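In this text, all values refer to a predicted model and were calculated from it rather than measured experimentally.
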Amino acid sequence: MIPMVKPGIGALAIFTFISSWNDYFMQLIMLSSTSNLTISLGIAKLQAENATDFGLIMAGAALAAVPILTVFLIFQKYFTQGIAMGAVKG
């Protein structure tokens with residue numbers, strides 16, 4: 001049974017990691033000190049009312065995307081197997 005469930009577990013791992021990595025409001029509620037901010041909160045704090053450094057924000061967004069891409073590349077085999085298994089008829 002485990003070999004049949006591996007693609008589903010891989011897809012679940014990808015979606016769970018991305019969901020927890022991008023969870024903005026829970027991090028905003030739980031973290032009160034500016035020294036403990038996560039990368040998504042740090043990027044949000046870079047936006048100012050009068051002057052915004054878009055280059056710095058884009059660099060932070062690119063840096064924040066690296067772990068998501070890494071997790072996807074690790075579980076990519078299981079994710080594509082799950083898509084292929086769901087597409088087979090009969």
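Ile43 and Met58 are assigned to two separate hydrophobic clusters, defined by single-linkage of ILVMFWY side chains at heavy-atom distances under 4.5 Å. Hydrophobic cluster membership is shared by Phe72 and Leu63, with clusters built from Ile, Leu, Val, Met, Phe, Trp and Tyr side chains linked at under 4.5 angstrom.
Using a 4.5 Å cut-off on side-chain heavy atoms (C-beta onward), Leu46 and Asp53 make no contact.
Atom CG in Leu31 sits 10.5 Å away from atom CE in Met26 (nearest 0.5 Å). With rounding to the nearest 0.5 angstrom, the OG1 atom of Thr80 is 13.0 Å from the CZ atom of Phe75. Distance CD/Gln27 to CD1/Ile39: 10.5 Å, rounded to 0.5 Å. Taking CG of Leu41 as the start and CG of Asn36 as the end, the distance is 11.0 Å to the nearest 0.5 Å. Here the CD1-CD1 distance, from Ile14 to Ile74, works out to 9.5 Å after rounding to the nearest 0.5 Å. To the nearest 0.5 Å, atoms CG (Asp23) and OG1 (Thr38) are separated by 9.0 Å.
Gln47 and Ile57 get closest at one heavy-atom pair: CG-CD1, 3.7 Å. Contact between Ser40 and Tyr24 at its shortest, heavy atoms only, is O-CE1, 4.3 Å. Nearest heavy atoms, Pro67 versus Ala64: CD-O, 3.4 Å.
With hydrogens and angles ignored, the 3.5 Å screen pairs no side-chain donor or acceptor of Trp21 with any backbone N or O of Ala65. In this structure, the side chain of Ser19 does not engage the main chain of Phe15 through any donor-acceptor pair within 3.5 Å.
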